[in-house]
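Computed from a predicted model, the values in this text were never measured in an experiment. Ligands are counted one by one from 1 in listed order, and the atoms in each one are counted from 1 as well.
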Amino acid sequence: MTEQYSFETLISREALAAKVAELGKQISEDYRDKDTVFMGILKGCFVFMADLVRQVKIERLEVCFMAVSSYGSGTRSTGNIVIKRDLEADLTGKHVLIVEDIVDSGHTLTYLKKYLSNRQTASVKVCTILDKPSRRETDLVPDYRGFEIPDAFVVGYGLDYDEQFRELPDLCILHRNGEKA
Ligand code: IMP
Ligand code: MG
């Protein structure tokens, strides 16, 4: 049987934009005069990162990316984090803000926070647009968070299912063959 997908909007593009503006304002206040690096975690962060950087006013802001993966092609995290693209920037003395699409089990960010804190950084904090606290398997608490969402698999606004649907402008719950993915 071929898979049938349908999408149920959970957070509209307007609500996402308003929240990103709010996060940007808060982050600007906190980082205004700090030597700052936004460290995006690819690929899921790319839409959020593009929106967030245009909502902040920070004197010295660098944008970097790392790519990691914790998933095979399914919808559950394995806890096995693989770095697929390592950082190139020198983070010595810098205030690093990790920019993520979603915190689920928390394994990815727990690993990355430790990994980046070992590089003589001035600070390492986490900003995520989405949080699924009901699925947490670590004690990770994001420092900045857009929305708390229920335990459903979501796509759009940069998030994928098997590399598809990142381009959807609204954040949607994915249904496969009439059921939640
Ligand atoms: P964690 O290590 O379990 O916290 O997984 C975080 C990563 O899993 C995120 O960066 C996403 O790439 C992916 N992920 C978790 N939940 C979802 C979802 O509902 N939709 C799409 N990707 C997800
Ligand atoms: Mg991700």
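- When Leu42, Ile81, Ile102 are ranked by how near their heavy atoms come to atom 11 (C) of ligand 1, first place goes to Ile102.
- Under a cut-off of 6.0 angstrom, the local environment of NZ in Lys125 is sparse, with at most 12 non-hydrogen atoms contributed by other residues, nucleotides or ligands.
- Close contacts of ligand 1 with Glu100, meaning ligand atoms under 4.0 Å from a residue heavy atom, involve 10 (O).
- Of all the listed residues (Gly106, Gly156, Gly158), Gly106 holds the heavy atom that lies closest to atom 4 (O) of ligand 1.
- Near Asp160, meaning under 4.0 Å from any of its heavy atoms, are these atoms of ligand 1: 21 (C).
- The number of heavy-atom neighbours closer than 6.0 Å to CG of Asp139, taken from other residues, nucleotides and ligands shown, is 12 or below.
- Under the salt bridge (Lys or Arg N to Asp or Glu O under 4.0 Å) criterion, the residue pairs touching residues 25-35 are Asp35-Arg60, with sequence neighbours excluded.
- Atoms of ligand 1 found under 4.0 Å from any heavy atom of Ala152 (numbered from 1 in listed order, with element): 19 (O).
- Ligand 1 places these atoms under 4.0 Å from at least one heavy atom of Thr108: 1 (P), 2 (O), 5 (O), 6 (C).
- Under the 4.0 angstrom criterion for non-hydrogen atoms, Lys132 is in contact with ligand 1.
- Remark: aromatic rings of Phe46 and Phe65 are distant, center separation not under 6.0 Å.
- Contact annotation: for Leu159 versus ligand 1, heavy atoms closer than 4.0 Å belong to the side chain alone.
- Taking every heavy atom of His107 and a limit of under 4.0 angstrom, the matching atoms of ligand 1 come to 2 (O), 4 (O).
- Residues Ala89 and Leu87 share a closest heavy-atom pair of O-CD1, 3.4 Å.
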